[in-house]
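As structure tokens, the structure follows; a few thoughts come after it.
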Amino acid sequence: MGNGGVGDSPVNELMLAWWDHFLKGVDNGVSNGPTVNYFEMGANVWKTAPTWPLPGTRWTNYYLSSGGQLVITAPTTGQQPDTYDYDPRNPVPSVGGHSCCVAPGGSQGSYDQRSVERRADVLVYTTPPLATDTEVTGPVSVTLYASSAVPDTDWTAKLVDVHPDGTAVNLNNGIQRASFRESSSAPTPIEPGTVYQYTITVWPTSTLFRAGHRIRLEISSSDFPQFDPNPNTGSWLGDSTATQVAHQTVLHDAQHPSALVLPVIPASASGKASTTFPITTRP
């Protein structure tokens with residue numbers, strides 16, 4: 001998400017060269033280039049790397065904690081859970097994000113999320129201001145321990161870059177339907193009130209969190225119109241007009257260490273900056 005430096009973007013040329021080579025047999029050198037080309041937001045530079053995830057990636061847990069904190073130390077004591085009510089008739093709006101829909105149906109790209117974060121059905125967890133620049137490049141996920149009062153619901157996660165002036169810019173997001181927690185093809189209902197461990201897959205990203213910025217995680221249960229709102233009944237939205245409000249509980253104690261898992265890249269392991277790509281493009 002985000003496309004700073006779009007004028008220097010090699011994406012169109014890379015796609016054309018890939019199709020020419022692999023579909024038409026054109027010897028244009030595309031298979032001899034870097035394995036990975038990626039754009040690092042924040043630094044606003046294109047980079048290359050030999051593998052994905054990047055070599056030297058440090059998978060780092062940022063644990064949800066009391067008071068809306070996001071910390072690097074795992075909880076060792078009991079903490080009170082956080083709760084909210086998710087009403088499918090009033091879902092959290094998609095403010096920016098992936099290009100899922102036609103533009104009139106919802107905004108796309110990077111936007112300030114503060115209006116979303118003021119909602120009572122959005123939980124917000126934030127680190128202190130970062131002491132140093134921190135690169136995050138690669139797959140992102142959230143390990144969430146949570147329970148719901150209904151037989152099925154959704155859990156959403158959004159990674160946000162908080163600027164020193166408070167602007168909260170969305171980077172990427174993901175969603176997990178509770179009934180698909182164990183299988184993507186054989187859904188099973190959840191037991192209301194039972195705590196489950198969920199893995200929310202957030203789309204990969206590459207960004208440089210500048211010193212003084214903060215890393216933020218939003219947890220909720222809807223993101224509409226990017227995703228259809230779960231009616232919380234155990235039925236599909238199109239099968240019935242019935243809905244019910246879900247009382248949601250998110251745990252973050254010693255027995256339930258909910259965490260944002262980030263691919264932190266040490267400076268010594270970061271990809272190489274690149275402005276040229278060894279391919280022959282079409283005239």
query: Using the ring of each side chain (for Trp, its six-membered ring), is H252 parallel, tilted or perpendicular to Y125, with breaks at 30° and 60°?
result: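 Judged by the thresholds at 30° and 60°, the geometry between H252 and Y125 is perpendicular.
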message: Going by ring pair (Phe, Tyr, Trp, His ring centres under 6.0 Å), name the pairs with one or both residues in residues 48-96, residues two or more places apart or in two chains.
response: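 Sorted result for residues 48-96: empty, none.
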message: Using side-chain contact (heavy atoms from CB on, under 4.5 Å), reason through T156 and E218 one step at a time and then give a plain yes or no.
response: CA-CA 8 Å; T156 65; E218 296 177 15; over 6 Å; no
Of all residues at least two apart in sequence or in a different chain, which pass the side-chain hydrogen bond (donor to acceptor under 3.5 Å, both in side chains) check with [X]?
| X | result |
| --- | --- |
| Q113 | K158, N170 |
| T167 | D165 |
| R181 | T188 |

- request: Let me see the working for H247 and T83 under side-chain contact (heavy atoms from CB on, under 4.5 Å), right down to the final yes or no.
  value: CA-CA 7 Å; H247 183 68; T83 63; 3.9 Å; yes
query: Around I72, counting heavy atoms of other residues, nucleotides and ligands shown, do more than 12 lie under 6.0 Å from its CD1?
result: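 No, the 6.0 Å shell around CD1 holds no more than 12 heavy atoms from other groups.
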- prompt: S94 and D223: side-chain donor and acceptor closer than 3.5 Å?
  reply: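 Side-chain D/A pair, S94 to D223: present.
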message: Assess the residue pair N232 and V245 against the criterion (side-chain contact (heavy atoms from CB on, under 4.5 Å)); give the C-alpha distance rounded to whole Å, side-chain angles, the decisive distance to 0.1 Å, and a yes or no.
response: CA-CA 7 Å; N232 298 328; V245 175; 5.8 Å; no
Verify same cluster id: L144, L217 (apolar side-chain graph, 4.5 Å):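 Yes.
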task: Would you sort out whether L70 and R214 count as a side-chain contact (heavy atoms from CB on, under 4.5 Å), showing the intermediate values?
output: CA-CA 10 Å; L70 202 57; R214 292 176 289 163; over 6 Å; no
task: Under the ring-ring contact (aromatic ring centres under 6.0 Å, His included) rule, collect the residues that match up with Y145, sequence neighbours excluded.
output: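 So Y145 forms a ring-ring contact (aromatic ring centres under 6.0 Å, His included) with H256.
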Rounded to the nearest 0.5 Å, how far apart are [atom1] of [X] and [atom2] of [Y]?
| X | Y | atom1 | atom2 | answer |
| --- | --- | --- | --- | --- |
| S206 | E135 | OG | CD | 5.0 Å |
| T134 | L262 | OG1 | CG | 9.5 Å |
| T205 | N173 | OG1 | CG | 10.5 Å |

task: Please check if the side chain of S222 supplies one atom and the backbone of F224 the other of a donor-acceptor pair under 3.5 Å.
output: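 Absent.
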task: List, by chain and number, the other hydrophobic cluster members for W203, where Ile, Leu, Val, Met, Phe, Trp and Tyr join if side-chain heavy atoms come within less than 4.5 Å, directly or indirectly.
output: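 Direct or chained contacts put W203 with none.
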